[in-house]
Amino acid sequence: MIATKSSPIDQLCAQLDEIVLIDPHSHINPHAAASKNLGDILGYHYFTELAHSAGMPREVIEAPGITAKEKVGRIVEGLAHLDNTIQVKWLIELCERFFGFQDDRLTPDNWEALYDHSEKLMSAPDWEQTVLQKSQLEAVFLTNDFDDPLTGFDTKKYIPCLRTDDLVFHLQKPEVRQRLAKATGFDCATPAKLIHAIGQLFTHFVSHGAKACAISLPPDFEPTPVSHVDAEGPLRAAYAGHVLTTEQSQILSRFVFWTIAEFCSEHHLPFDLMIGVNRRVYESGVYQGQDLFDQRVSLYQYRRLFNAFPRVKFPISVLAHASNMELVSYAWIFPNVIANGHWWYSNIPAFIEPDCRSRLEAIPRNKNIGYYSDMYKLEFGWPKFQMYRRVLAKVLFEDFVVGRHWSEERAVELGRQILRGNVETIFSGAC
Amino acid sequence: MIATKSSPIDQLCAQLDEIVLIDPHSHINPHAAASKNLGDILGYHYFTELAHSAGMPREVIEAPGITAKEKVGRIVEGLAHLDNTIQVKWLIELCERFFGFQDDRLTPDNWEALYDHSEKLMSAPDWEQTVLQKSQLEAVFLTNDFDDPLTGFDTKKYIPCLRTDDLVFHLQKPEVRQRLAKATGFDCATPAKLIHAIGQLFTHFVSHGAKACAISLPPDFEPTPVSHVDAEGPLRAAYAGHVLTTEQSQILSRFVFWTIAEFCSEHHLPFDLMIGVNRRVYESGVYQGQDLFDQRVSLYQYRRLFNAFPRVKFPISVLAHASNMELVSYAWIFPNVIANGHWWYSNIPAFIEPDCRSRLEAIPRNKNIGYYSDMYKLEFGWPKFQMYRRVLAKVLFEDFVVGRHWSEERAVELGRQILRGNVETIFSGAC
Amino acid sequence: MIATKSSPIDQLCAQLDEIVLIDPHSHINPHAAASKNLGDILGYHYFTELAHSAGMPREVIEAPGITAKEKVGRIVEGLAHLDNTIQVKWLIELCERFFGFQDDRLTPDNWEALYDHSEKLMSAPDWEQTVLQKSQLEAVFLTNDFDDPLTGFDTKKYIPCLRTDDLVFHLQKPEVRQRLAKATGFDCATPAKLIHAIGQLFTHFVSHGAKACAISLPPDFEPTPVSHVDAEGPLRAAYAGHVLTTEQSQILSRFVFWTIAEFCSEHHLPFDLMIGVNRRVYESGVYQGQDLFDQRVSLYQYRRLFNAFPRVKFPISVLAHASNMELVSYAWIFPNVIANGHWWYSNIPAFIEPDCRSRLEAIPRNKNIGYYSDMYKLEFGWPKFQMYRRVLAKVLFEDFVVGRHWSEERAVELGRQILRGNVETIFSGAC
């Protein structure tokens, strides 16, 4: 494999590896950013859901009361069925890089030694810093609940992002309304009050350095403006604790969504749209392993939004690989549509490569955010970005260095903009 | 081409070629499994429909009363327009392997010699066995009508599979009801009686070694449970010979489908779903060359089914290439969803390669059935599997040997599981 | 890059480069086919819309009263954000070939010299002929308005094609009705009169050497026959100047469309269908940069049409890459469905390569039109066809020379048919 290692693609990749990154989307908890033990790592939903899919009962994986170590031992039993997956490749590369793991598989025979060894390393007081450094990560975007106080961490390193799913889709849940009331001091039973409260949340987030607003959306969502008059009935019904009809829910969701877009415009906050997920499709799935999608979705559903908010940047992620071509085309035409990373079920090289290729060929280079980690624990940043960098290096080499006779330097410069530069210019901060 | 022949991909492919196969889906008639002459081979719908599409009138191809030899002569006239197609590649490779054919094209000048020579070979009493042996085929799954007596052949070699299209979609046809009555001794005009009759069919099939149940489904089908009360009206109407409304038809189809799934659960039979075909779209097409599809379909339509029958394995084939990504994702999450082969219009290397790549990257390796032949005559097993093996070898080499530094041995082992091992474990037999 | 230049793919491409072409679809104005200055070239919507998408205000690009030179200077300011796009590659290659441009980028520093130099070249009286010759273009299909007199140009070199969008979708606009009345001498307020008038247009076009009829269609269009009785109301309403309901508009569009298909059948004119565009999705976009699409479309919507007009050839272009697989499958089955080029948002190598690959594997070779330029000015023919030829050479080499051991000669012959031969046989002229 020596020969492969020194291929021109590898050489180009090595230059991309040196770029210090800002990760524009993650689910990191800034109060516990790094893992404490292998349980945090093998507990990532990719491993539990794949082990479950391969035949391990949920009761085994999620047995109440088992220790982290017991859980790891159990999931390792299922890894033999998964060693082909790219997700297990993340795991092995992560263990190599951070724990000096040298085997090519994690097995019932070797996991315990790794567990103990890695736990020691992770208990170092500077472990979090070590991981950031070894991962070339300068800063990481968070995905914060709307009522997050945003205190107790360095918001330059862990950049707040206002997650709005609960506001848009779950206002009928009493606990969401209570959290909103607590966060804002407001009863929000009328459109005017709700707008005021949402405005407070924006002020709070912006004053704490938030650089984006984000939401994940089901395939059938179609944003439109909703008048106060039309929103009032559904909103009052929700606050009265009634069960809303499907139509009422839609009206309320659209009203809140449009209101959020208006505040994004006011505060110059980019609005990350993650389009296409159906929640709880597999109800007996493991934790975070229950969501899927319906590929019958179109960015055409968002035309009114893109037209109505020319000042709001919309970095867009699509769940279905089939949606990539629309994303390329809409980003090619709409100044405020930005292609953003490779999300979840699309986040495997088989889909990333053609998606990356088309984005580089047809989207202005300043509107293409190559990748984000989507990680819950810092250790995953490195192997996930590494997967992307390899694909990016391949496309840059084949399409630009060979296909267009670009110098390697020029190709790397394009890579740098995709990987890092655009994150800075697009999420340049609220004002 | 010597250099190409000995490429690392070819070397890896050569190892895959040695794997003895069980073909998990075909339309073989076990009483006449092999071809008798080139007419059986060139009569395969791929050649007649492509010749027709390229300009040959149906009346020429399907003229009543012409001999097999005349028919071959006519279709050969159309092959010049088709020599680029992968289907003609199957034909040439098949003729090379089984008949020693040495030209690179079948033409009006050379076909007759081949016809006569091959007919002699095919008349050998052990021809069927020769084909199986040269094709490395140990056993072949059938697709049997529900009223097939399943006698007169070796069910270890030709494995029965209960095809349920007629029961689910054609119970309004008098001949289907008559066949059902004859097969079960039952008038099935009430839900309870129909269930009982279907149960008898399952008992019959299972007792004759059936290892799967199968059905092909239109893009708009959405399975749901239907109560006896709701099913009774449509069922009685069908048995009274009335023309059903679209809604009645749907209710009846869903009722029968759900009933079959219940029996699959009871008997631990996998239920092959072949999703997405519209029948008789081109009504003037040649025999078996009339069906197409509408890509606007989603596995989301099957969420209730997958949730309701956790014990039933659903090996799923999708007709539209665009559906592959959903199949990968659903198989990644649902333990009972299995990716199954490359069906019909998706069964060309241009689609197989990206589909194979993504399946190997994200589906647990024990839930990925690489390929089935879908053949009507045994001779097609070899060239069709050969097409798949080449693609598989390419993906294994590029993504695993080069991309992940796997040993060739480890890559071949993965290939073996995809090609053979999973067929055995997934269709392990009813109980 | 020397090594790359002389690769086997390049050698094969060099042979394709020598094929003299007939471009089967363009928007050339035969009275001003070539560009007069760089303003005509950089004014192509690809550059204005991408510059706009990358951040340049429309008011800057489309400022009224600016000269061509000022406009070029402005657009060049935006090119730095676009140098990764394939469209800018067209631009650079065009400037190299026709103007001897030697830099690898067009910048604020070098554009003016190019502007002046190229303007001199373009002012030569034989510039148009020079471009055609250097582009290996023998003839170019036009897209003519239905009321085009078709006089004053050589219809052997610039081949008329009847564009029918206005008739099918805009008969409610007074100016369209007036143009129709003027062109035919007819008030068309009844179905019979409208049919008669459309018949006159066909006679006019056919007598002036038209070889095709063409239309672009929105994703939700579904052609069906409409009776005179059903069409009469909507048609009269349109002619009375009423605003039609959505349903009335649909009926009228379907009636006119079906009528046009009938005349195509009568005159043996191929009917180019360009399926899937939504107009004016981005209403603040630059000129011709406002249209997008909804990928939720199926050729299944056209099944009645394909069945009803077996004598009409339908060369079909699809806007969404996801539609390619349906196109391959429908062209594989329906004798009158022909795959036609790579349209607009699908016209980038990332999509052309997989589309080309699948078309060559599964469509009869006589029903596959490789490429058309869609250009507005002659200078774009060369770089656009060049882009396609490179992809075609790659696929021919990899899949046919290597994959099937074809001789290079045989592969080039297939390429010749795809690039040129089929244009002649499919658009063989009306009778």
Side-chain angles (χ1 to χ4, degrees), chain A residues 219 295-304 306-308 310 320-338 353-368 395-396 398-407 410-411 413-415 417-418 425, chain C residues 1 3-5 7 45-46 49-58 78-89 92-93 104-105 219 278 280-286 289-297 319-324 344-354 390 394:
Chain A
Q295 64 158 340
R296 293 169 300 180
V297 55
S298 175
L299 293 184
Y300 189 68
Q301 298 162 228
Y302 291 80
R303 64 195 180 281
R304 289 184 204 85
F306 301 150
N307 277 292
H321 174 52
S323 297
N324 174 67
M325 195 237 171
E326 282 194 349
L327 180 52
V328 169
S329 306
Y330 278 70
W332 155 351
I333 291 298
F334 277 101
N336 52 344
V337 172
I338 290 156
E353 184 175 327
D355 291 356
C356 174
R357 206 174 282 279
S358 57
R359 293 180 192 183
L360 286 178
E361 273 177 359
I363 301 177
R365 57 190 286 166
N366 60 339
K367 295 177 62 201
N368 184 351
V395 174
L396 288 174
E398 291 176 355
D399 289 13
F400 292 86
V401 176
V402 174
R404 303 199 201 169
H405 311 308
W406 280 26
S407 68
R410 190 176 172 191
E413 208 40 60
L414 176 56
Q417 181 169 3
I418 301 304
T425 54
Chain C
M1 293 299 98
T4 308
K5 277 283 181 199
S7 77
H45 69 81
Y46 286 98
E49 75 201 12
L50 282 165
H52 183 44
S53 173
M56 189 173 288
R58 184 170 68 163
L79 288 184
H81 291 313
L82 314 178
D83 74 341
N84 58 299
T85 64
I86 200 71
Q87 291 84 10
V88 168
K89 185 163 190 268
I92 302 301
E93 293 200 340
D104 60 359
R105 278 176 261 202
N278 289 114
R280 295 181 59 74
V281 175
Y282 175 38
E283 291 172 15
S284 306
V286 298
Q290 306 182 357
D291 306 333
L292 279 157
F293 60 95
D294 183 328
Q295 65 160 339
R296 293 168 300 180
V297 55
L319 195 50
H321 174 52
S323 297
N324 174 67
W344 203 340
Y345 297 108
S346 283
N347 184 31
I348 66 172
F351 301 133
I352 294 172
E353 184 175 326
R390 278 183 198 145
K394 182 168 189 279

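A, B, ... follow the sequence lines: proteins, then strands. Residue 1 opens every chain. Predicted model, so just to flag it, every value in this text is computed and none were measured.
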Cut-off 4.5 Å, heavy atoms of chain C, and the answer for A/Leu299 is neither
Heavy-atom contact with chain A under 4.5 Å, split by part of C/Leu319: backbone
Which of A/Glu326, A/Arg304, A/Lys367, A/Arg357 touches chain C most, by non-hydrogen pairs under 4.5 Å: A/Glu326
Verify, without hydrogens or angle tests, whether A/Asn366 (side chain) and C/Ala54 (backbone) share a donor-acceptor contact under 3.5 angstrom. yes
Just give me the residue among C/Leu82, C/Ile348, C/Val281, C/Leu292 that pairs up with chain A most often, heavy atom to heavy atom, under 4.5 Å. C/Leu292
Has C/Asp294 got a side-chain atom pairing as donor or acceptor with A/Tyr300's backbone, closer than 3.5 angstrom? no
Applying a strict 4.5 Å limit to non-hydrogen atoms, the region of A/Ile333 in contact with chain C is both
Is a donor on one side and an acceptor on the other found under 3.5 Å between the side chain of C/Asn84 and the backbone of A/Pro364? no
Could you tell me whether a side-chain N or O of C/Gln295 sits under 3.5 Å from a main-chain N or O of A/Val297, the two making a donor and an acceptor? yes
Nearest atoms (heavy-atom pairs only) where A/Glu361 meets C/Gln87: O-OE1, 3.8 Å
Below 4.5 Å, heavy-atom pairs only: which of A/Arg303, A/Arg404, A/Gln417 has the largest tally toward chain C? A/Arg404
Heavy-atom pair count under 4.5 Å with chain C, highest-scoring of A/Asp355, A/Asn336, A/Ile363: A/Ile363
Strictly below 4.0 Å, N to O, side chains only: are A/Arg410 and C/Asp104 in salt-bridge contact? yes
Of the backbone (N, CA, C, O) and the side chain (C-beta and beyond), which part of C/Arg280 lies under 4.5 Å from a heavy atom of chain A, both, or neither? neither
Check whether C/Ala80 gets within reach of chain A through its side chain, its backbone, both or neither, counting any heavy atom under 4.5 Å. backbone
If you look at every heavy atom in A/Trp332 and C/Leu50, which pair is closest and at what distance? CD1-CD2, 3.7 Å
Ignoring hydrogens and geometry, is there a side-chain-to-backbone donor-acceptor pair from A/Ser358 to C/Ala350 under 3.5 Å? no
Using 30° and 60° as the class boundaries, would you call the ring planes of A/Phe334 and C/Tyr282 parallel, tilted or perpendicular? tilted
If one checks every heavy atom of C/Pro349 against chain A at 4.5 Å, the contacting part turns out to be both
Keeping the roles fixed (side chain from C/Ser53, backbone from A/Ala331), state whether a donor-acceptor pair exists under 3.5 Å. yes
Scored by heavy-atom pairs under 4.5 Å with chain C, the best of A/Asp399, A/Leu414, A/Asn307, A/Val337 is A/Asn307
Determine the option with the most heavy-atom pairs under 4.5 angstrom with chain A, choosing from C/Lys89, C/His52, C/Arg296. C/Arg296
A/Tyr330 side chain to C/Phe293 main-chain N or O, any donor-acceptor pair under 3.5 Å? yes
Contact summary for A/Met325 and C/Ser346, nearest pair of heavy atoms: CE-OG, 3.4 Å
